Amino acid sequence: MKKTEKLTACPLCKKTGAPILCSRLDMIVRKCRGCGLMFQGPDSPARHNRELIEKIYAQYAGHIRQHLRLNRPRVLQMEALLGRPFRGLKVLEVGAGNGALGHMLTMAGADYTGLEPMELCRRAALEQFPELAGRLVPEKLRAGLFPERSFDVVVATDTLEHMDDPLEAAKTMALLLRPGGKAYFEVPNESLFRLKGFARVALKMYGGGYPTNPDHAFLFTVATFRLLLEKAGLREEKLVKDSVLGNPARIKIAFNGRPPFPLLAASWFFKYTQVDKLLEQGVLAAVVSRGALPSAAPAPRTERA
Ligand SMILES: [Zn+2]
C-alpha cells in the first residue's frame, strides 16, 4: 500500500481514499466513502499531541464526585442490559480511567480487573479508591494478555474510540469471554458531527476549540458502531442511546467542572424532558455476545461446542 493510501485507508472496511470531512487547528477528520466511518487518520497531528491529550486526561481524572454520580446509575443500567447482577462475576474493564466504574463494580460484588495504560489515570484511581490496588493492570489490551475465555463480562466505556485499532481490540475482547459471557461497550454517538463539531468549536472545548476530543481517533454513528461489532464477530443483543446533554454529571466533566450556565440549565431541562434523544446525540451502549468469529479473526483458538 502506498503512503497516501495508508493515510486515507478506512480502518473498518479498508477502502482507501477517504476524503477530509473537516480540518480544524491540527486536527484532520476523514470520512470513508465505503462505510461512512469518520476517523482521525495517522496524518492528524492532534491525535499525537500528547501534551494536549495528557492535559485533557488530567482534567478528566478529577471531578470524582461527578464520575461517581455518572457511574452509579450506569452500573444499574449495565446489570439491566446484561440481565444479571455483577455479584460474583469475573469482570474485565478495558480502559479503567480514574477508577470510578471499577470502584462501583467492586462495590456491586464483581471480581474486578481493570486495564489502564495511562499512569496519571492509575494514580488518580488508586488515590481515590485504594481497594483497586492489585486490580489495575498497567497495560494496553493485546491478544495473549489473559487466557481466552477467562471473563464473564468485559466492559469498555468511552474506550474503543481512543484505540489505535478498535476492530482488533473488539475481536480480542470477544475471545476473552467465557461461554455465555457478554461484553458491554459505550462509545460517543457522533451522528450530526458537523453540527456538534461546530458547537464544540464555538464553546472552545478540548483545549481551545476542537470539533471533537483530540484523543478520539474514531467517531462512531449507529451504523458504523454496528459494523464494528459485526466485523469483530460479536452478536448485538441490545443497543441503546443514552443522553449526554441530558446528563448534568457528564456536562460538568466535559467542561472541567465549569460548564457555561445556559448549557447546565439546558442539561437539567433535557434530563427531565429527554427531547435531546431526538437529536441523535449522546452515547451508544451495546451489550454483545460472542457470535461466530469471522475468518479474519486471530488464528489460535479452540472452539468447543
Ligand atoms: Zn470504511
Side-chain angles (χ1 to χ4, degrees), residues 1-24 26-48 94-95 140-143 156-175 183 185-198 200 210-237 239-241 280-299:
M1 202 185 269
K2 280 188 232 149
K3 197 178 166 216
T4 48
E5 284 182 345
K6 232 181 186 169
L7 294 178
T8 61
C10 171
L12 262 189
C13 75
K14 310 297 175 202
K15 188 177 168 77
T16 56
I20 291 175
L21 175 69
C22 100
S23 166
R24 167 87 194 165
D26 58 348
M27 178 180 284
I28 300 167
V29 178
R30 294 180 183 275
K31 184 172 181 179
C32 172
R33 279 204 184 99
C35 70
L37 179 72
M38 296 178 283
F39 60 97
Q40 287 190 71
D43 62 340
S44 178
R47 205 179 141 183
H48 311 288
V94 179
K140 284 188 175 183
L141 178 73
R142 57 179 163 78
T157 66
D158 297 322
T159 299
L160 284 165
E161 69 276 15
H162 295 267
M163 294 178 134
D164 294 330
D165 191 338
L167 178 57
E168 209 45 52
K171 284 180 188 171
T172 303
M173 289 189 248
L175 291 170
F185 299 141
E186 263 183 41
V187 296
N189 181 358
E190 291 283 15
S191 304
L192 304 179
F193 173 67
R194 278 178 187 277
L195 185 66
K196 276 185 259 186
F198 184 78
R200 290 168 182 153
Y210 284 97
T212 190
N213 183 333
D215 201 37
H216 286 185
F218 300 93
L219 312 175
F220 294 105
T221 59
V222 173
T224 54
F225 185 41
R226 283 199 158 128
L227 183 64
L228 169 84
L229 301 176
E230 184 197 313
K231 284 193 176 277
L234 289 160
R235 191 188 307 120
E236 176 189 317
E237 301 204 345
L239 190 144
V240 296
K241 294 175 190 175
E280 281 284 331
Q281 64 78 49
V283 292
L284 303 170
V287 167
V288 292
S289 59
R290 190 170 155 160
L293 288 167
S295 52

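From a predicted model like this one, the values you see are computed outputs, not experimental measurements. If you read the sequence from its start, that first residue is 1, and numbering goes on from there. All heavy atoms count here, side chains included; hydrogens, waters and symmetry mates do not. In listed order, ligands and their atoms are each counted from 1.
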Practice task
Only counting residues at least two apart or in another chain, list the ones meeting salt bridge (Lys or Arg N to Asp or Glu O under 4.0 Å) with Lys140.
Solution key: Asp164
Handout entry: Heavy-atom side-chain proximity of Lys31 to Leu37 below 4.5 angstrom
Key = no
Problem - the Zn ion (ligand 1): protein N, O or S atoms [distance under 2.8 Å] - result: Cys10 SG, Cys13 SG, Cys32 SG, Cys35 SG
Handout entry: Student check: side-chain heavy atoms of Cys10 and Cys35 closer than 4.5 Å
Key = yes
Practice task
Quick one: list whatever passes salt bridge (Lys or Arg N to Asp or Glu O under 4.0 Å) with Asp43, sequence neighbours left out.
Solution key: Arg30
Practice task
For Leu239, enumerate each residue passing the side-chain contact (heavy atoms from CB on, under 4.5 Å) test, keeping only those at least two apart in sequence or located in another chain.
Solution key: Phe225, Arg226, Glu236, Leu284, Ala286
Exercise for the section: Using distance alone, with no hydrogens and no angle criterion, decide if Glu190 and Thr221 have a side-chain donor and acceptor under 3.5 Å apart. Expected result: no
